[in-house]
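See below for the structure under consideration.
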Amino acid sequence: MKRIALALLGLAALGVSACSTVPNVDVTQNITMPGALPTQTHAANWTVEEIEIVVPQTLVVSEANTLKPISDIVWREDPIGDRHAQVQAVVFEAMEFALRPLDGARAVTVELEITRFHALTERARYTIGGEHEVEFLFTVRDVETGEALTGPRYVDLTFRALGGSRAMASERNGIYQRERIQSQIIGWARREFGLMIENEAALF
C-alpha cells in the first residue's frame with residue numbers, strides 16, 4: 001500500500017498512521033457476515049493507493065444515554081470529542097489492516113462514505129444489548145482516471161452487539177465494541193476483495 005489518505009468532510013483529518021494495527025484477538029464469535037453481500041469486487045490486479053473514509057458533518061451525533069438515541073452516530077469508546085473523526089479512525093484502521101495484502105499492478109482508491117455508525121450507549125451495553133449498525137457507500141476508483149471500478153454501492157454490516165453479563169465478560173478479555181466492529185469490517189473487506197482464507201476462523 002503506497003499511500004494512505006484520510007478524508008473527512010469539513011473536519012481536520014486525524015493523524016492515523018498507515019502502519020496502525022488492529023489488536024491481535026479473535027472477536028469473531030457470534031459475528032456473522034451478511035448473506036446478501038457476495039463478493040463483487042475483482043481485485044486480483046489491484047493495489048490500494050489511497051483509502052478515503054468520509055464522515056459527513058451532516059451526520060447527527062448523540063451523547064444521550066438512552067437505549068437507542070435518534071441519531072446517525074453513537075460512539076462511546078473514546079473520550080467525548082469529535083465523534084465524526086473518531087468514527088473515521090475506527091473504520092480506517094480496519095480497512096487499512098484488511099487491504100494490506102493487495103499488491104497488484106493497478107492503483108486504486110477505496111472510498112467509504114459513512115451513512116450510519118451506531119455502537120451501544122452505556123445503558124444498552126450493560127443491560128439488553130442491541131445491534132452495531134455500520135452502513136456506508138462503497139466505491140473503488142482507478143487512481144489515474146478516476147473511473148469507478150465498482151460502486152457506489154450501499155453496504156450494511158449491522159450485526160448483534162453484546163449486552164449485560166456477556167458484554168462485561170468480553171471486556172474482561174479485552175474485547176470491546178471497537179474490536180468487534182473492526183472485526184466485522186475486516187471480515188467484509190477481505191470477503192469483498194477476495195482475501196478470505198478458506199475456513200478461516202479468526203479475522204486476525
Side-chain angles (χ1 to χ4, degrees), residues 1-23 33-34 36-59 61 72-73 75 78 82-118 132-158 178-179 181-197 200 203-204:
M1 199 171 287
K2 299 177 183 177
R3 179 170 58 91
I4 301 297
L6 293 170
L8 185 61
L9 291 182
L11 297 171
L14 284 181
V16 180
S17 169
C19 297
S20 63
T21 59
V22 177
M33 296 311 301
L37 293 174
T39 300
Q40 298 187 27
T41 302
H42 305 285
N45 195 39
W46 292 355
T47 188
V48 179
E49 180 88 3
E50 184 175 355
I51 295 174
E52 294 184 1
I53 309 300
V54 179
V55 186
Q57 276 190 329
T58 52
L59 296 184
V61 176
D72 303 306
I73 293 176
W75 180 242
D78 286 301
D82 187 340
R83 298 302 193 194
H84 296 77
Q86 291 168 0
V87 166
Q88 182 200 37
V90 171
V91 177
F92 174 82
E93 289 171 3
M95 290 297 294
E96 193 275 333
F97 183 93
L99 299 182
R100 285 176 189 172
L102 288 177
D103 189 25
R106 188 173 196 176
V108 300
T109 297
V110 175
E111 303 172 1
L112 270 64
E113 180 179 337
I114 306 300
T115 58
R116 186 172 179 82
F117 190 97
H118 250 247
H132 293 307
E133 301 173 40
V134 181
E135 304 171 31
F136 52 86
L137 296 175
F138 165 63
T139 308
V140 178
R141 298 186 186 277
D142 183 279
V143 167
E144 293 187 4
T145 67
E147 173 192 0
L149 305 177
T150 186
R153 175 156 54 86
Y154 169 73
V155 177
D156 183 352
L157 300 185
T158 297
R178 179 186 227 99
E179 286 76 28
I181 290 171
Q182 288 184 326
S183 180
Q184 184 78 337
I185 295 169
I186 291 167
W188 165 79
R190 288 186 173 177
R191 179 180 178 183
E192 181 67 42
F193 286 82
L195 296 171
M196 291 295 288
I197 300 171
E200 184 176 30
L203 294 182
F204 45 84

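Along the sequence shown, residues are numbered consecutively beginning with 1.
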Would Asp78 and Arg83 satisfy side chain to side chain contact (heavy atoms under 4.5 Å, CB included), going step by step from the backbone distance to the final call? CA-CA 8 Å; Asp78 286 301; Arg83 298 302 193 194; 4.2 Å; yes
Reported CZ-to-NE2 distance for the pair Arg178 and His132, which is rounded to 0.5 angstrom: 12.5 Å
Smallest heavy-atom separation, Met95 atom then Ile185 atom, equals SD-CG2, 3.7 Å
Nearest 0.5 Å, please: how far is OG1 in Thr145 from CZ in Arg106? 6.0 Å
Do the side chains of Glu192 and Arg153 get close enough for a salt bridge, i.e. N-O under 4.0 angstrom? yes
So does Gly146 get a backbone contact from the side chain of Arg141, meaning a donor-acceptor N/O pair under 3.5 Å? yes
Do Val134 and Trp188 touch side chain to side chain, with heavy atoms closer than 4.5 Å? no
Checking His84 side chain against Leu59 main chain: does a donor-acceptor pair fall under 3.5 Å? yes
N/O donor-acceptor pair under 3.5 Å between Gln86 side chain and Trp75 backbone: no
Just by modelled atom types, is the Tyr154 backbone N or O under 3.5 Å from a matching donor or acceptor in the Glu135 side chain? no
Hey, does Ile73 have a side-chain heavy atom less than 4.5 Å from the side chain of Val55? yes
Hey, does Val143 have a side-chain heavy atom less than 4.5 Å from the side chain of Glu50? no
Interatomic spacing from CG in Asp72 to CD1 in Ile114 - rounded to 0.5 Å: 11.5 Å
Examine distances only and state if a side-chain atom of Gln88 and a backbone atom of Ile53 form a donor-acceptor pair shorter than 3.5 Å. yes
Decide yes or no for Leu157 and Phe136: does some side-chain heavy atom of the first lie under 4.5 Å from some side-chain heavy atom of the second? yes
So, applying side-chain contact (heavy atoms from CB on, under 4.5 Å) with Glu52, which one of Thr109, Leu112, Thr139 is it? Thr109
Just do the side chain to side chain contact (heavy atoms under 4.5 Å, CB included) check on Trp46 and Leu149 with the steps written out, would you? CA-CA 11 Å; Trp46 292 355; Leu149 305 177; 3.6 Å; yes
In chain order, what residues pass the salt bridge (Lys or Arg N to Asp or Glu O under 4.0 Å) check against Glu133, with sequence neighbours excluded? Lys68, Arg116
Nearest-0.5 Å distance that lies between atom CD in Glu179 and atom CD1 in Ile186: 10.0 Å
